[in-house]
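Read the structure below first, then the notes.
In the text below, chain A, chain B and the rest are named by the order of the sequence lines, each starting its count at 1. Side-chain atoms are counted along with the backbone in the values below, which use heavy atoms only and exclude waters and symmetry mates.
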Number of protein chains: 2
Amino acid sequence: MRKSLTDRIEEYIKVLINRSDQQQIEIQRAELAETFSCVPSQVTYVLATRFTVKHGYITESKRGGKGFVRITRVTPHAGSDSRLKADIQELVAHLKEDRHIGESEARLIRQLLITLFTELSPEQRQLVLSRLVKDIGLYVGWQTD
Amino acid sequence: MRKSLTDRIEEYIKVLINRSDQQQIEIQRAELAETFSCVPSQVTYVLATRFTVKHGYITESKRGGKGFVRITRVTPHAGSDSRLKADIQELVAHLKEDRHIGESEARLIRQLLITLFTELSPEQRQLVLSRLVKDIGLYVGWQTD
DNA sequence: TATAGATAAAGGTCAATGATAGTCAAAGGA
DNA sequence: TCCTTTGACTATCATTGACCTTTATCTATA
């Protein structure tokens with residue numbers, strides 16, 4: 001996919017948040033716009049379309065001297081983990097039935113999926129997924145680059 | 001039979017998908033139309049008549065600047081597999097909601113899980129799983145021997 | 001010294017424009 | 001008749017810039 005300016009700014013912000021501890025960064029709107037050689041309102045647009053609560057982010061700001069834009073990634077709320085775990089239980093149960101997978105492999109799969117999706121950070125997860133692409137690709141002939 | 005424009009565009013798209021690594025391509029509607037010297041809506045027509053879910057394809061698109069049309073071939077599978085796929089769809093949908101995973105990562109995860117559980121042989125699957133144990137173990141400190 | 005008003009330094013809003021893709025109905029052709 | 005082809009019109013997403021609002025700081029004056 002050809003990346004738009006909006007896409008690139010979005011990525012950039014996410015990298016900054018990933019690097020931060022506290023899942024939070026503060027930027028100067030004008031400065032970020034300068035970095036990407038665009039108008040400041042472009043940044044506002046990116047925030048409005050890619051960093052909403054629905055996307056899992058909260059943005060706050062202050063105008064005037066010493067102003068800033070603060071972007072915080074909110075961690076998924078507690079109850080959600082149990083739903084994912086239930087999904088995984090279900091998936092593995094069906095795997096056992098349909099694909100004749102034994103209990104020990106089933107246990108392993110359960111553990112792997114739970115760890116992958118509920119314990120790893122987004123960055124770690126992406127690293128693991130990209131290696132998984134390579135590994136699986138070996139068998140199904142995907143071209144990885 | 002004399003090939004219609006629609007036939008030729010269909011063929012062309014299928015060649016592109018065959019060459020692609022992940023059974024998926026992204027095109028610019030206008031550009032493809034240009035290639036075949038026809039109106040853009042002709043491309044829409046081809047997609048609507050030859051690349052439906054029934055034919056084994058999923059199409060997605062985005063309008064506006066840097067827009068695209070994405071065409072994915074989904075491999076058809078026997079009865080019980082559809083239950084696993086439904087499980088995977090559900091799991092990924094919940095992941096998107098709860099863990100704020102974007103569409104592109106979601107697609108990757110779906111593809112990986114489907115391949116891992118419905119396309120690989122038991123032996124291949126076990127090899128991949130053992131690699132996965134190692135990879136994830138790196139991050140969570142599992143002792144692998 | 002206290003403070004009101006001026007000025008500077010942020011960020012916000014919104015409408016216009018550009019860049020894509022989608023819809024639909026009419027016309028064409030085998 | 002049924003499928004294909006075309007094009008005018010529509011919908012959506014991205015980008016820009018003029019104008020607005022808020023906050024901090026400076027300055028003149030009682």
d(CD, B:Glu34; C1', D:dG7) in whole Å = 16 Å
Residues A:Arg73 and A:Glu123 bridged, charged N to O under 4.0 Å = yes
Distance test, side-chain N/O of B:Lys62 to OP1/OP2 of C:dG22, below 4.0 Å | no
Please state how far atom CZ in B:Arg70 lies from atom P in C:dG22, giving the value in whole angstrom units.
-> 13 Å
Which one, D:dA14, C:dG22, C:dT13, comes nearest to the side chain of A:Thr44?
-> C:dT13
Please work out if B:Gly67 contacts a base, only the sugar-phosphate, or nothing of the nucleic acid, heavy-atom cut-off 4.0 Å.
-> sugar-phosphate
Electrostatic pair A:Arg2:B:Glu26 at N-O distance under 4.0 angstrom = no
base_contact_polar (D:dT21 base, A:Arg63 side chain, donor-acceptor, <3.5 Å) | yes
Nearest-angstrom distance from the residue atom NZ of A:Lys3 to P of D:dA14 = 14 Å
Please lay out, stage by stage, how B:Ser61 and B:Arg70 fare under the test side chain to side chain donor-acceptor pair (under 3.5 Å).
-> CA-CA 6 Å; B:Ser61 66; B:Arg70 178 186 299 133; over 6 Å; no
Between A:Asp7 and A:Arg50, is a salt bridge (charged side-chain N to carboxylate O under 4.0 Å, His left out) present by the stated rule, with each step listed?
-> CA-CA 9 Å; A:Asp7 293 331; A:Arg50 310 290 168 87; 3.0 Å; yes
Contacts to DNA chain D from residues 48-60 of chain A, heavy-atom cutoff under 4.0 Å, which residues?
-> A:Arg50
Pairs under 3.5 Å (N/O, protein and nucleotides 15-19 of chain D):
unit_1	atom_1	unit_2	atom_2	d
D:dT15	OP1	A:Leu5	N	3.0
D:dT15	OP2	A:Thr6	N	2.8
D:dT15	OP2	A:Thr6	OG1	2.5
D:dT15	OP2	A:Gln42	NE2	3.0
D:dG17	N7	A:Ser41	OG	3.3
D:dG17	O6	A:Ser41	OG	2.6

Hey, is B:Glu105 close enough to B:Lys96 for a salt bridge, meaning N to O under 4.0 Å?
-> no
Go through the steps for A:Thr115 and A:Gln111 under the test side chain to side chain donor-acceptor pair (under 3.5 Å), then give the verdict.
-> CA-CA 6 Å; A:Thr115 306; A:Gln111 185 61 59; 3.1 Å; yes
Answer yes or no: does a side-chain N or O of A:Ser61 lie under 4.0 Å from OP1 or OP2 of C:dG12?
-> yes
Do the charged groups of A:Glu103 and A:Arg110 touch, with an N to O distance under 4.0 Å?
-> yes
Report the residues that fulfil side-chain contact (heavy atoms from CB on, under 4.5 Å) with B:Tyr139, sequence neighbours left out, ordered by chain and then residue number.
-> A:Leu120, A:Gln124, A:Leu127, A:Val128, A:Arg131
Between the side chain of B:Gln28 and the main-chain N/O of B:Gly67, is any donor-acceptor distance below 3.5 Å?
-> yes
